[in-house]
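Worksheet: one structure, shown below.
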Amino acid sequence: MSMKKIGWDEENKLALKNAFGFLFSEELLTEIETHGQLFAVADGEILMDIGDTMQYMPILLEGAIKVLREDEEGDELLLYFLESGDTCAMTMSCCMGDRKSKVRTAAERDSKIIMVPLDKMSDWIQSYADWRTFVFDSYSVRLSELLESIDSLAFLNMHDRVYKYLKNKMMVNGDAELNVTHREIANDLHTSRVVISRILKSLEREGRIALHRNRLEILEW
DNA sequence: ACATTAAGTGATT
DNA sequence: AATCACTTAATGT
């Protein structure tokens with residue numbers, strides 16, 4: 001793991017306040033600054049892998065993270081994206097028993113993450129109502145997102161799943177131009193590259209996207 | 001110029 | 001929707 005530890009400079013403190021000021025008290029914000037370590041992760045880096053033991057609860061300050069599940073053959077399936085202000089529900093369940101991750105998390109783009117030690121995370125549940133709210137709310141939001149991805153998996157055809165995936169990706173990256181290959185999309189959606197190429201071609205014919213090498217634009221959403 | 005990787009496509013199941 | 005087999009296009013050395 002080559003995450004770079006960075007300091008709590010004024011810019012990052014401001015980012016924390018912007019992302020969490022409406023949720024957390026001054027007191028809790030200070031606690032986070034003192035006990036939370038701030039890290040910078042680069043696009044594509046794996047933060048946590050399946051089987052890894054959790055020691056920290058990650059909170060996303062800036063950027064986007066994708067959460068993936070893996071089958072026996074090593075093929076992946078995207079569960080959902082995390083954005084600024086989100087946290088990983090896996091670590092919460094880890095706090096209550098099994099400390100091994102059942103998912104893989106990778107940086108969707110350059111991001112900044114706050115790592116809160118697990119003992120602090122559970123202490124704060126006792127001492128801060130706003131923290132408690134945050135943890136339980138996140139848990140339920142994560143659960144909804146999981147249900148949504150099950151729905152698309154079960155009820156949408158591949159064509160619609162691809163389009164939905166692209167829109168989601170555009171949303172978390174804040175850009176209608178996506179730097180992605182057909183192979184990467186196929187991996188995230190657990191299908192083959194040929195299938196993705198065909199679907200993208202048909203989306204292009206419908207005028208909804210434009211295709212380039214290693215890159216595509218969403219024209220309509 | 002050559003090798004490698006990404007993407008396009010017909011045919012078959 | 002998946003797989004095979006092949007082609008074409010873009011990019012790196």
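Side-chain atoms are counted along with the backbone in the values below, which use heavy atoms only and exclude waters and symmetry mates. Here the structure is a predicted model, which is why all the values come from computation and not from measurement. Per chain, numbering begins at 1; letters A, B, ... match sequence-line order.
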By side chain to side chain contact (heavy atoms under 4.5 Å, CB included), Asp43(A) pairs with (sequence neighbours left out) Asp110(A)
### Task
Consider only side-chain N and O atoms of His159(A) and Glu206(A), and report whether a donor and an acceptor are under 3.5 Å apart.
yes
Handout entry: Carboxylate-amine/guanidinium contact Arg142(A) Asp86(A), below 4.0 Å
Key = yes
I'd like a table of atom pairs between the protein and nucleotides 2-6 of chain B - only N or O on both sides, under 3.5 Å - with the distance next to each one.
from	atom 1	to	atom 2	distance (Å)
dT5(B)	O2	Arg213(A)	NH2	3.1
dA6(B)	O4'	Arg213(A)	NH1	3.2
dA6(B)	O4'	Arg213(A)	NH2	3.2

Rounded to whole Å, CZ of Arg161(A) lies from P of dA1(C) at a distance of 9 Å
For Leu219(A), the other hydrophobic cluster members (4.5 Å side-chain criterion, sorted by chain and number) are none
Would you tabulate the pairs of protein nitrogen or oxygen atoms and nucleotide nitrogen or oxygen atoms of nucleotides 2-7 of chain C closer than 3.5 angstrom?
from	atom 1	to	atom 2	distance (Å)
dA2(C)	OP2	Thr191(A)	OG1	2.3
dT3(C)	O4	Arg198(A)	NH1	3.3

Apply side chain to side chain contact (heavy atoms under 4.5 Å, CB included) to residues Met3(A) and Glu45(A) and explain how you reach the verdict.
CA-CA 8 Å; Met3(A) 320 194 307; Glu45(A) 257 185 72; 3.9 Å; yes
Check: Do Arg193(A) and Ser197(A) get their side chains close enough for a donor-acceptor pair, meaning under 3.5 Å?
Finding: yes
| said: side chain to side chain contact (heavy atoms under 4.5 Å, CB included), that's the test. Do Val41(A) and Ser111(A) meet it? Break it down for me. | reply: CA-CA 5 Å; Val41(A) 288; Ser111(A) 305; 3.8 Å; yes
Side-chain donor-acceptor pair under 3.5 Å between Asp130(A) and Ser25(A), yes or no? yes
With a 3.5 Å cut-off and sequence neighbours excluded, list the donor-acceptor pairs that the side chains of residues 56-66 of chain A form with protein atoms.
from	atom 1	to	atom 2	distance (Å)
Tyr56(A)	OH	Gln37(A)	NE2	3.4
Lys66(A)	NZ	Asp188(A)	OD1	3.1
Lys66(A)	NZ	Asp188(A)	OD2	3.1

Separation of dT9(B) atom C1' from Ile199(A) atom CD1, nearest Å, is 15 Å
* Ignoring hydrogens and angles, state whether a donor on the side chain of Arg161(A) or Asn157(A) is under 3.5 Å from an acceptor on the partner side chain. => no
Students should find that the end-to-end axis angle of the helix from dA1(B)-dT13(C) to dT13(B)-dA1(C), with five pairs defining each axis and rounding to 10 degrees, is 10°
When rounded to whole Å, the CD1 to P distance for the pair Ile209(A) and dA7(B) reads 11 Å
Leu200(A) atom CG is separated from dA7(B) atom P, nearest whole Å, by 9 Å
